[in-house]
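Notes to accompany the following structure.
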Amino acid sequence: MPHTLFIADLHLSPTRPDITDCFERFMQQEVIHADALYVLGDLFEAWIGDDDNSPFHQQIKAAFSAVTERGVPVYFIHGNRDFLIGQRFARETGVTLLNELECIDLYGTPTLILHGDTLCLEDVDYQAFRRKVHQPWLQRLFLCLPLTWRRKIAAKMRAGSANANQQKSSTIMDVTPQEVQRQLDNAGVTNMIHGHTHRPHIHQWHQHGTAYQRIVLGDWYDHGSVLVCSAQGCDLQTRNFTHR
Ligand code: LP5
Ligand code: MN
């Protein structure tokens, strides 16, 4: 049956070969049979510039090229860890970079897709941080720095983030329901798919007699998380890290 796949929050890094193995298997065995793959951000643990062409990054890029060369389109929306993925990465992999918010036609159902960080408005510290690091001049400056410096700054940011997150309540780090509704209404659609919060679930609710659906993709920490959508609907599935 024709189907489209969605993933997010893999946080790929050389320190987690189990996640990389599962991702490569997924690309080679599943994505090649799909109509399309959407990666909704945080594919990498941290991305510090397309010029960081390490053997690990070459390996991941090869996995994308193998799929796109066989004619399966792959679309990417930036996450809060890899918002610096740029056109060079896109050229090298055949992946199409999308805007932070897109409306796609999913087998007849208009669906809003996004990473999900922009829905967490109660996390005011994060939103302030996001506004800063999304300034084009700051990104250009960062990308001019030597890779060793960039690696150190990214590590500091990751540590600062882990530390800050320990002080935040789980409500603050979840989406703000009013913002979900506002973005849906603004786009004039009833369906949304996102990641970021690491709380995989299919939420369904009614508002003024209209049915709404919000699908949250899971992270790839203990197992893979894959959303499979067809004309029949969407199914949130998991994948084992160890090959059985
Ligand atoms: O990522 P995660 O899951 O830990 O938490 C996110 C939010 N944190 C972030 C920060 C990223 O993890 C850092 C990624 C580095 C990317 C590569 C470097 C590119 C640099 C480009 C510069 C132009 O996104 C976290 C949210 C959480 O999701 C849930 O939504 O709460 O937000 C924060 O932690 C933000 C903090 O509240 C405030 C900022 C702390 C960062 C300290 C920076 C120190 C930097 C020193 C640099 C010299
Ligand atoms: Mn995220």
Side-chain angles (χ1 to χ4, degrees), residues 6-16 19 23 38-54 56-57 60 76-86 88-89 97-98 100-101 113-177 179-180 183 192-201 214-222 224-225 227:
F6 295 83
I7 56 173
D9 301 296
L10 290 83
H11 302 156
L12 294 175
S13 100
T15 63
R16 288 293 304 267
I19 306 177
F23 166 71
Y38 286 86
V39 183
L40 301 189
D42 286 1
L43 171 68
F44 292 102
E45 173 71 5
W47 190 260
I48 56 169
D50 290 359
D51 55 333
D52 186 4
N53 198 26
S54 66
F56 176 70
H57 290 158
I60 303 301
F76 180 84
I77 290 186
H78 294 105
N80 55 297
R81 307 276 194 98
D82 51 16
F83 54 86
L84 288 179
I85 284 184
R88 176 171 162 187
F89 177 91
L97 303 183
L98 301 178
E100 67 178 48
L101 186 66
I113 56 170
L114 65 166
H115 177 56
D117 55 331
T118 54
L119 297 169
C120 304
L121 293 191
E122 281 179 53
D123 195 345
V124 287
D125 290 350
Y126 169 67
Q127 295 301 334
F129 171 80
R130 186 179 194 278
R131 275 192 297 277
K132 279 197 195 99
V133 295
H134 275 256
Q135 295 176 104
W137 70 267
L138 190 60
Q139 293 188 0
R140 276 198 301 275
L141 182 73
F142 180 79
L143 291 172
C144 288
L145 300 174
L147 275 168
T148 46
W149 293 23
R150 280 184 261 163
R151 243 172 239 128
K152 281 190 185 139
I153 293 171
K156 278 214 158 52
M157 286 182 172
R158 288 288 311 114
S161 177
N163 193 38
N165 289 0
Q166 281 180 0
Q167 329 291 325
K168 293 179 191 172
S169 74
S170 79
T171 316
I172 285 180
M173 291 205 285
D174 202 355
V175 300
T176 306
E179 183 59 11
V180 170
Q183 294 212 15
M192 176 185 271
I193 301 173
H194 70 84
H196 182 66
T197 60
H198 305 181
R199 301 172 199 215
H201 193 67
R214 174 173 69 96
I215 303 182
V216 188
L217 307 174
D219 64 86
W220 286 48
Y221 193 78
D222 295 321
S225 175
L227 179 72

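Just follow the structure's listing: the first ligand is 1, and inside any ligand the first atom is 1. The structure displayed is predicted, hence computed values, not measured ones. Any value given below was found using the heavy atoms of this structure, including those in side chains, with hydrogens, waters and symmetry copies removed.
Between D52 and R151 a salt bridge is recorded (basic side-chain N to carboxylate O distance below 4.0 Å). Ion pairing of R130 with E100 is present here, as a side-chain N (NZ or NE/NH1/NH2) and a carboxylate O approach within less than 4.0 Å. For D51 and R88, the salt-bridge test fails: no basic side-chain N is under 4.0 Å from an acidic carboxylate O. Salt bridge status for E45 with R158: present, with a side-chain N to carboxylate O gap under 4.0 Å.
The ring of H134 has its center closer than 6.0 angstrom to the ring center of F83. For H11 and Y221, the ring centers sit 6.0 Å or farther from each other.
Here the side chains of F23 and I60 are in contact, with some heavy-atom distance below 4.5 Å. Looking at W220 and I7, their side chains come closer than 4.5 Å, going by heavy atoms from C-beta outward.
The single protein non-hydrogen atom nearest to atom 8 (N) of ligand 1 is S161 OG, 2.8 Å, given as residue, atom name and distance. Scanning all protein heavy atoms for the shortest distance to atom 45 (C) of ligand 1 gives M157 CG, 3.7 Å. The protein heavy-atom contact nearest to atom 12 (O) of ligand 1 is R158 NH1, 2.8 Å. Of all protein heavy atoms, the one closest to atom 32 (O) of ligand 1 is Y126 CD1, 3.1 Å. When only non-hydrogen protein atoms are considered, atom 10 (C) of ligand 1 lies nearest to F129 CE2, 3.5 Å. Nearest protein heavy-atom neighbour of atom 24 (O) of ligand 1: N80 ND2, 2.8 Å. Residue, atom and distance of the protein heavy atom nearest to atom 17 (C) of ligand 1 are W47 O, 3.8 Å. Given atom 30 (O) of ligand 1, the protein heavy atom at minimum distance is H196 NE2, 2.7 Å.
For the Mn ion (ligand 2), protein N/O/S neighbours under 2.8 Å (waters excluded) are D42 OD2, N80 OD1, H115 NE2, H196 ND1.
By the 4.0 Å heavy-atom criterion, D117 is excluded from the residues contacting ligand 1.
Counted within 6.0 Å of NZ on K152, heavy atoms from surrounding residues, nucleotides or ligands total 12 or fewer; the atom is thus considered open.
Only the side chain of N165 comes within contact range of ligand 1, with a heavy atom under 4.0 Å; no backbone atom does. Residue contacts with ligand 1 for C120 are absent, since no atom lies close enough (heavy atoms, distance under 4.0 Å). For L84, every heavy-atom contact with ligand 1 shorter than 4.0 Å involves the side chain, none the backbone.
A salt bridge (charged side-chain N to carboxylate O under 4.0 Å, His left out) with R199 holds for exactly one of D174, D9, D219; it is D174.
In this structure a side-chain-to-backbone donor-acceptor pair under 3.5 Å is missing from E122 to M173. In this structure, the side chain of Q127 does not engage the main chain of T118 through any donor-acceptor pair within 3.5 Å.
The option with the heavy atom closest to atom 47 (C) of ligand 1, from among D125, D9, L119, I153, is I153. Across M173, E45, K156, K168, heavy-atom proximity to atom 33 (C) of ligand 1 is greatest for K168.
The aromatic rings of H196 and H198 lie perpendicular to each other, with more than 60° between the two planes, well past the 30° mark.
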